Amino acid sequence: MSLSSAINAAQSSLSNIATQTNNVSRNISNASNPDYNRRNAALATSLNGAQVVSIQRAQDQVLFRQSIAGIATSSAQDSLLRGLSDLKSIFGGNDYENSPATLIANMRDTLSTYAAKPGEATLAQTAVADATTLANGLREASASVQRVRLDADQEIGIQVNSLNDLLSRFEVANKGVYAGTQAGKDVSAELDERDGLLKQISSIIGVTPVTRSGNDVALYTASGTTLFETVARPVTFEPSAGFSASIQGNKVYVDGVPLAAGAGATTSAQGSLQALIQVRDEVAPVVQAQLDEIARALIVTFSEKDQSAIPVLPDEPGLFTWGGLTVPVGATVVPGIAATIAVNAALVPSQGGNPQLLRDGGINGAAYISNSTGASGYSAALDSYVLALDAPTGFDAAAGISVSDSITGFAADSIGWLELNRSEANSAAVSREALRYRTEEALSNKTGVSLDEEMSMLLELEQSYKASARLISAVDEMLQELMAAVR
C-alpha cells in the first residue's frame, strides 16, 4: 500500500468514525423516547475501504402492526373494565352491601319478624324504614348508573376531540414523509413522529394502516371505514347534556359512518371509543333495566287488591309507589321506574302515615282492607308478602337475566351478572395488557435503542479511532524519514 493510499484510508476511517459516533450519540440521547427508532450506519466497500453510505432507520412492519393492534385491544378492554368497575362501586364494596339484593334480604327478614309479631308497632315502623332504605337505594343506584353513562358520554367527547387533533397532526407528518421521500431526503424523524401518532390514534380507535407508494399511508377502521386518506376524515359527535333510562346516547360518526359499540365482556371493541360507547349504550342500560325490573316487581308484589267478595277495583300501589302512580301490567321493563320508586306516604310516620296499614291494608280505601276485624294478631298479608318475595314471577328478557325468577333471586342474579362480566373483563384486560407489553417489548428489541449495544459500539469506535490515529502517525513518521533522506 502506498503512503497516499494509507493516508486516504485513514481519513476515510476517521470520517466514518465521526459519522458513526454522531449516530450512536443520537441513539443514546433518544434511548428513553418510545417513539424513536434506532438509526444504523450502513457501510459499503470503496477504494479507500469501508465508507458510510447512509443512515438507516430500524423497522419491523409486522411487529409494528401487531403492536398498534395490541394497543387498540388493550385500551378498549381497560375502558370497559373501568366502566364495569364504576358500576360495581354503585353497590358498595366486594360484598355488594348497598345492592338491591342485600336491601331486599334485610327487608324480607324484618317482614318475617313483623309477621311473627304483628301486634308490635315498632316492628311495623322498622319494616317501613327498611322499605324506605330499599326504595332510596334503588333511586340512588338508578341515578348513579345514569352518571356512569354521562361520564362515558363526556369522555367520548374528549376522545373525539383528541382523535381529530391527532389525525390533523398525522396529516402534516404524512405529508412530510411523502414529500421528503419524493425528494430523496432522510425522513427518519418524520417516520418516528408519524408512527408515534399512529400509536396514539390506535389507543382511541383501532386502525389498519395501508402503506402506498412514496411512503404514503392510508388509515381504515376495523370495519373498513376510511379514517385517513391523503387528508383526515372528520370524526363527529354531539355530547348529551344528561341521561335518563329513556334517553339514548348520540352516535359517533367517522366520515359520516356510525361507529359501532363493542360487544361482550372480552370486548370486540378496538380502541377506547368503541368501549366507551359499549359502556354507555349496552352495559349500563342493562344494569338500569335490571334495577327497573326489580322496582317494577316490588311495586306489583306489594300492591293492594280489592278485597270485596267480587273484586271490581283495579290493583293500586301499596307499600311502594312511583311516578306513574299505577301498578305496572305485564313482565315488561318500565324505563326509569327505579328512579322514582318510593314508599307510600300513607305508611310513613314522619309524613303522617300509619305503618300498621302494611299489616291491615286499606291504603287505598276501605275496599282494600284485608284485616277487616282489626285484629292485632293478623299476619296473613305480611306472610303473603314474605312468600311473594321468594315466589317465581315474570321478568323482561331485556334485563339480560332469567325471565322467570323470584324477586330475591333476580336481584341476586343481577349482582352475579355484573360481577361475572367485571371478572371476565378483568381477566381479559390482564391478558391483553400482557400481549401488548410483550409485543411492544419485541418491537423495542428490534427497533429500539439498547444502551448496552450503543456503549459497546462506542468502545469499538474508540478502538477504530486509535487504529486510524496510529496509521496516520506511522505515515507521518515514514514521510519525515523520507524527507530527511532527501535532504
Side-chain angles (χ1 to χ4, degrees), residues 34 63-88 148-167 170 195-209 219-228 233 235-237 239 249-255 257-287 418 420-441 443:
L63 277 176
F64 180 72
R65 289 173 184 271
Q66 291 176 351
S67 175
I68 61 173
I71 290 171
T73 55
S74 179
S75 175
Q77 196 65 52
D78 284 344
S79 296
L80 175 61
L81 178 59
R82 283 195 298 272
L84 287 166
S85 297
D86 289 343
L87 290 169
K88 176 184 177 180
V148 169
R149 295 185 69 203
L150 179 60
D151 289 345
D153 190 78
Q154 292 175 339
E155 183 61 25
I156 289 170
I158 293 172
Q159 297 270 348
V160 166
N161 290 336
S162 296
L163 179 58
N164 281 317
D165 177 63
L166 288 168
L167 287 172
F170 185 89
D195 286 354
L197 291 170
L198 188 50
K199 291 177 184 178
Q200 295 180 63
I201 291 170
S202 295
S203 71
I204 298 175
I205 185 170
V207 294
T208 300
L219 303 179
Y220 303 93
T221 67
S223 60
T225 304
T226 302
L227 188 64
F228 176 90
R233 301 303 170 88
V235 182
T236 57
F237 172 70
N250 294 322
K251 295 183 180 298
V252 175
Y253 292 93
V254 178
D255 198 25
V257 179
L259 185 65
T266 301
T267 183
S268 62
Q270 299 286 316
S272 57
L273 262 186
Q274 285 186 294
L276 288 167
I277 297 171
Q278 181 181 359
V279 170
R280 186 195 67 180
D281 296 344
E282 304 293 337
V283 179
V286 170
V287 175
L418 179 57
L420 177 64
N421 280 273
R422 191 203 64 80
S423 178
E424 183 179 335
N426 183 67
S427 297
V430 171
S431 62
R432 287 182 168 182
E433 173 59 20
L435 178 61
R436 181 203 64 79
Y437 176 80
R438 294 301 182 191
T439 305
E440 290 193 350
E441 184 180 46
L443 179 63

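Since the structure is predicted, the reported quantities are computational estimates derived from the model, not experimental observations.
Using modelled atom types, one side-chain atom of Ser268 and one backbone atom of Ala263 make a donor-acceptor pair closer than 3.5 Å. Gln278 places a side-chain N or O within donor-acceptor distance of the main-chain N or O of Gly264, the cut-off being under 3.5 Å. Looking at Asn164, its side chain does come within 3.5 Å of a backbone N or O of Val160 through a donor-acceptor pair. Gln270 contributes no side-chain N or O that, together with a main-chain N or O of Ala76, makes up a donor-acceptor pair within less than 3.5 Å.
The CD1 atom of Ile156 sits 7.0 Å away from atom CG of Asp281, with the distance rounded to the nearest 0.5 Å. Rounded to the nearest 0.5 Å, atoms CD (Glu440) and CG (Leu63) are 11.0 Å apart. Atoms CZ and OG, from Arg82 and Ser272 in turn, are 7.5 Å apart once rounded to the nearest 0.5 Å. Here Thr439 contributes atom OG1 and Arg432 contributes atom CZ; the two are 12.5 Å apart, rounded to the nearest 0.5 Å. The CG atom of Leu163 sits 6.0 Å away from the CG atom of Leu227 when rounded to the nearest 0.5 Å. Going from atom CD1 of Ile68 over to atom NZ of Lys199 covers 10.0 Å, rounded to the nearest 0.5 Å.
Summarising the geometry of Ala269 relative to Ala275, their closest heavy-atom pair is CB-N, 3.6 Å, with the distance given to 0.1 Å. In this structure, Arg65 and Pro209 approach most closely via the heavy-atom pair NH1-O, 2.5 Å. Of all the heavy atoms in Leu81 and Ala429, the pair that sits closest is CD2-CB, 3.9 Å. Between Ala428 and Ser431, the shortest heavy-atom distance links the atoms O-OG, 3.0 Å. When every heavy atom of Thr267 is checked against every heavy atom of Gly262, the shortest pair comes out as OG1-CA, 3.7 Å. A pairwise comparison of heavy atoms in Gly249 and Arg149 identifies N-NH2, 3.9 Å as the closest pair.
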What's the verdict on side chain to side chain contact (heavy atoms under 4.5 Å, CB included) for Leu219 and Phe170, showing C-alpha distance, side-chain angles and the deciding distance? CA-CA 10 Å; Leu219 303 179; Phe170 185 89; 3.8 Å; yes
Yes or no on side chain to side chain contact (heavy atoms under 4.5 Å, CB included) for Thr73 and Arg436, after CA distance, side-chain angles and deciding distance? CA-CA 8 Å; Thr73 55; Arg436 181 203 64 79; over 6 Å; no
Would you check, one step at a time, whether the test side chain to side chain contact (heavy atoms under 4.5 Å, CB included) holds for Phe64 with Leu198? CA-CA 10 Å; Phe64 180 72; Leu198 188 50; 3.6 Å; yes
Run Leu259 and Lys251 through side chain to side chain contact (heavy atoms under 4.5 Å, CB included) and show every step you take. CA-CA 7 Å; Leu259 185 65; Lys251 295 183 180 298; over 6 Å; no
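Each of Asp153, Val287, Asp86, Leu84 was checked for a side chain to side chain contact (heavy atoms under 4.5 Å, CB included) with Val148, and the lone residue meeting it is Asp86. Put simply, the residue from Val252, Val235, Ile204 that forms a side chain to side chain contact (heavy atoms under 4.5 Å, CB included) with Gln159 is Ile204.
Counting heavy atoms from C-beta outward, Gln154 and Pro239 have side chains that stay 4.5 Å or more apart. With contacts defined as side-chain heavy-atom distances shorter than 4.5 Å, the pair Val254/Arg233 does not qualify.
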